[in-house]
Amino acid sequence: MTNSSKSKESEGSDAPSSNFIRHIVAEDLANDRHAGRVHTRFPPEPNGYLHIGHAKSICLNFGIAAENNGQCNLRFDDTNPEKESQEFVDAIKDNINWLGFNWSGDVRYSSSYFEQLYQFGVQLIEKGLAYVCDLSADEAREFRGTLTDAGRNSPYRERSIAENLNLFARMREGEFADGACSLRAKIDMASPNINMRDPVLYRIRHIRHHQTGDAWCIYPTYDYTHCISDAIEGITHSLCTLEFEDHRPLYDWILNSLDLNSIKQASDLAESDLPYVLPKQTEFAKLKINYTVVGKRKLKQLVDEGLVQGWDDPRMPTLAGMRRRGYTAASLRNFCESVGVARSESQVDISMLEHALREDLDSNAPRAMCVLRPLKATLTNLPGPIELSLQNHPKKEEMGHRTVPLTSEIVIDRDDFREESEPGFKRLVNGGEVRLRGAYVIRCDEVERDAQGEIAHLKCSVDLATLGKNPEGRKVKGVIHWVSATQGVPASVRLYDRLFTVENPESKEVVDFRTLLNPDSLTVLEGCLVEPAAASPSSALSFQFEREGYFTRDTLDSTDDKLVFNQTIGLRASH
RNA sequence: UGGGGUGUCGCCAAGUGGUAAGGCACAAGGUUUUGAUCCUUGCAUGCGUUGGUUCGAAUCCAGCCACCCCAGCCA
């Protein structure tokens with residue numbers, strides 16, 4: 001067999017996986033199509049918060065640039081002031097930095113190209129490729145035809161260039177009311193691609209813009225703005241999602257209709273000797289994950305109707321929410337890489353996200369102990385309080401040690417105790433032994449109940465010969481976590497479960513996705529006890545509470561006298 | 001009845017004519033003072049389907065089927 005030698009060399013384990021966009025970029029580089037440049041951009045509209053789906057696009061765009069010594073711009077595609085705001089601009093910038101990416105140069109805004117866009121509009125009119133149309137939106141819809149029937153030409157389609165120029169200028173001057181007319185590209189009302197049936201380039205909106213104020217009352221549409229903005233910024237690879245595939249002919253039509261040299265002169269490459277090449281749009285499938293929703297409208301609805309506690313509610317798939325939940329930026333980046341980039345629409349299983357999270361947290365989160373449902377236990381023969389020095393990470397000596405106080409009064413988790421031994425139960429039972437994590441083996445000698453008959457207190461004896469070593473002559477298989485009842489710090493802990501009860505809450509069959517919300521997505525536990533080291537204001541924020549899972553301090557809700565932890569994700573449970 | 005796409009293991013996803021990578025999930029073992037981690041092993045005679053071309057097809061050709069997107073002066 002000769003194939004073994006061949007397959008070995010390609011097994012560079014950390015090499016990024018192959019995907020069709022990496023192929024395209026590599027091929028363009030090989031053919032010197034952009035003079036060696038790779039320049040991408042992430043172009044969010046500031047009309048909502050970024051979510052996990054955006055993370056894929058961010059990682060793709062910034063990643064492709066970084067891999068090829070290229071640049072990636074952050075550009076706010078802010079052509080519809082009606083829905084946009086500065087609040088979203090700020091949140092988006094913050095999220096991108098948190099994810100670990102830095103955009104090239106200053107933040108860009110499509111709105112900062114409005115004057116240039118207007119001039120290009122004039123150019124299209126002069127070339128006889130655009131006209132001012134007085135059809136109302138409703139009329140325009142009728143003229144557009146249907147998916148199967150061709151549209152009809154607008155009665156205003158043959159206005160003279162001079163008249164169009166005059167009208168376009170007056171649109172800008174504010175002479176007309178909203179919707180009175182629009183600038184349209186003159187393409188083909190019979191095109192089977194509806195986007196080519198004389199699409200609107202400019203509409204009239206007497207409304208203040210979050211970046212340009214009252215400077216404009218006409219605003220360019222996405223199709224007109226996006227391609228030109230890409231061209232101005234010298235973007236080489238314009239990556240977007242599949243639903244824009246039908247817009248690509250228009251993207252190309254607009255750029256090819258403009259004088260190439262005038263585009264270059266308006267671009268960041270105006271002074272460059274490099275040959276100017278128009279950007280190319282490439283589409284990929286957006287990220288969908290089961291048991292959650294990423295539709296902007298749905299997320300907004302959850303917030304507005306108080307179904308969650310805000311855009312940064314830890315149950316939300318927004319970057320702000322996930323960050324607050326304790327997701328690490330690295331885990332999100334790794335997840336996006338593992339999901340890949342392709343053109344087939346897919347819905348990724350949330351277990352992949354959870355895997356990336358646990359993988360990162362397992363290797364980086366310090367360990368600590370926290371008892372969620374305390375049950376008091378007295379260690380009857382412990383000579384006195386002692387301080388144990390426990391390793392912060394079982395495999396990483398370099399993460400250091402912390403001191404953990406052991407006192408005669410401790411708490412253990414109610415779930416870790418049963419009166420009767422049961423098959424398969426490896427924790428503490430009456431009369432049985434168990435290891436206190438990092439400390440001694442104890443035996444439960446007595447169970448005390450309260451007036452209601454509930455188990456209230458255990459009396460246990462310690463085998464003083466078992467610190468750091470196994471007892472002789474017998475095997476103690478169970479290990480449970482614990483916290484000193486007197487030194488432990490009270491905390492409130494929030495446990496999370498998936499937000500929706502069904503795999504695909506966004507499916508078309510769903511009438512009202514709100515009825516599919518999981519009523520148990522949030523459980524608040526009060527009176528939990530956490531070891532002092534994890535409660536210190538100067539400690540890390542994220543921990544693995546041993547045998548429970550990963551938790552992070554909620555810095556928004558924690559106060560000096562009330563500590564709050566959010567469960568990031570539980571440990572994998574294999575029993 | 002128009003146009004544009006996509007179909008490879010339960011979920012993602014490599015593969016570009018030479019005999020189906022990898023990850024997640026799952027299952028079975030081993031190690032373990034976390035029922036975690038880690039390690040080992042297993043997991044598509046098969047690439048939507050039917051034909052065709054070829055010595056050879058997931059890869060090329062033709063037909064069919066399923067699903068997704070498009071009729072905002074949203075992006």
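Keep in mind that the numbers below use all heavy atoms, side chains included, and drop hydrogens, waters and symmetry copies. To find a chain, count down the sequence lines: A is the first, B the second, and so on, and within it residues start at 1.
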Whole-Å distance separating the NE2 atom of A/His206 from the C1' atom of B/C73: 13 Å
Sugar-phosphate only, base, or nothing, as touched by A/Arg427 at under 4.0 Å among non-hydrogen atoms: base
Listed nucleotide nearest any side-chain atom of A/Lys508, set B/C74, B/A13, B/C69: B/C69
Separation of the C1' atoms in B/U34 and B/U19, to the nearest angstrom: 47 Å
Minimum-distance nucleotide to A/Asp77 side chain [options: B/A71, B/A75, B/C12]: B/A75
Whole-Å distance separating the NZ atom of A/Lys396 from the C1' atom of B/U34: 17 Å
Sugar-phosphate, base or nothing in reach of A/Pro199, heavy atoms under 4.0 Å: nothing
Check against side-chain contact (heavy atoms from CB on, under 4.5 Å), A/His355 and A/Glu359: CA-CA 6 Å; A/His355 170 78; A/Glu359 186 179 47; 3.9 Å; yes
Nearest-neighbour nucleotide for the A/Arg141 side chain, B/A71, B/A36, B/G3 considered: B/A71
Electrostatic pair A/Arg402:A/Glu531 at N-O distance under 4.0 angstrom: yes
Shortest non-hydrogen contact between A/Arg427 and A/Ile480, atoms and distance: CG-CG2, 3.6 Å
Sugar-phosphate, base or nothing in reach of A/His226, heavy atoms under 4.0 Å: nothing
B/C73 pairs with, by Watson-Crick or G-U criteria that keep both distances under 3.5 Å: none
Among B/C12, B/C73, B/G15, the one nearest A/Ala137 by side-chain distance: B/C73
Nearest-angstrom distance, C1' atom, B/G7 to B/G48: 6 Å
Sugar-phosphate, base or nothing in reach of A/Arg343, heavy atoms under 4.0 Å: sugar-phosphate
Touch class at under 4.0 angstrom, heavy-atom based, for A/Ser136 against every strand present: base
side-chain N/O A/His23 vs B/A14 OP1/OP2, d < 4.0 Å: no
Base paired to B/U6 (Watson-Crick or G-U; both N/O distances under 3.5 angstrom): B/A66
Derivation and outcome, ring-ring contact (aromatic ring centres under 6.0 Å, His included), residues A/Phe168 and A/Tyr118: CA-CA 9 Å; A/Phe168 189 40; A/Tyr118 179 83; 4.5 Å; yes
Listed nucleotide nearest any side-chain atom of A/Glu345, set B/G5, B/C68, B/G15: B/C68
Minimum-distance nucleotide to A/Asn19 side chain [options: B/A14, B/A75, B/A36]: B/A14
Pair A/Asp362 + A/Arg358: basic N to acidic O under 4.0 Å: no
A/Ala342, nearest nucleotide to its side chain (from B/C11, B/G72, B/A13): B/A13
Minimum-distance nucleotide (side-chain atoms of A/His355 versus B/G23, B/C69, B/C11): B/G23
Identity of whatever pairs with B/A57 - Watson-Crick or G-U, under 3.5 angstrom: none
Phosphate OP1/OP2 of B/U32 contacted by A/Arg547 side-chain N/O (<4.0 Å): no
Any A/Thr466 side-chain N or O less than 4.0 Å from OP1/OP2 of B/U33: no
Atom pair distance, as rounded to whole Å: CG in A/Leu250 and P in B/C69: 21 Å
C1' gap between B/C26 and B/C11, integer Å: 12 Å
Touch class at under 4.0 angstrom, heavy-atom based, for A/Tyr202 against every strand present: nothing
Sugar-phosphate only, base, or nothing, as touched by A/Gly424 at under 4.0 Å among non-hydrogen atoms: base
Euclidean distance for C1', B/U16 against B/A57 (whole angstrom): 12 Å
Ring geometry between A/His51 and A/His54 (parallel below 30°, tilted from 30 to 60°, perpendicular above 60°): tilted
Phosphate OP1/OP2 of B/A21: any A/Ser17 side-chain N/O under 4.0 Å: no
Nearest listed nucleotide, side chain of A/Lys395, among B/U34, B/C38, B/C12: B/C38
Residue closer to the 5' end of RNA chain B, A/Arg572 versus A/Val339 (nearest nucleotide): A/Val339
Earlier contact from the 5' end, RNA chain B, for A/Asp246 and A/Ile480: A/Asp246
Protein-nucleotide distance (A/Ile289, atom CD1; B/G23, atom P), rounded to Å: 20 Å
Sugar-phosphate only, base, or nothing, as touched by A/Gln347 at under 4.0 Å among non-hydrogen atoms: sugar-phosphate
Sugar-phosphate, base or nothing in reach of A/Arg435, heavy atoms under 4.0 Å: base
Whole-Å distance separating the CH2 atom of A/Trp482 from the C1' atom of B/U34: 14 Å
For B/U31, the Watson-Crick or wobble partner whose two distances fall under 3.5 Å: none
Distance in angstrom units between A/Asn195 CG and B/C70 P, rounded: 10 Å
Chi-angle category of B/G10 [syn within 90° of 0, anti beyond]: anti
Among B/C73, B/U33, B/C12, the nucleotide that comes nearest once only the side chain of A/Ser346 is considered: B/C12
Separation of A/Ser110 OG from A/Tyr224 OH (nearest 0.5 Å): 12.5 Å
A/Lys288/A/Glu506 salt bridge by N-O under 4.0 Å criterion: no
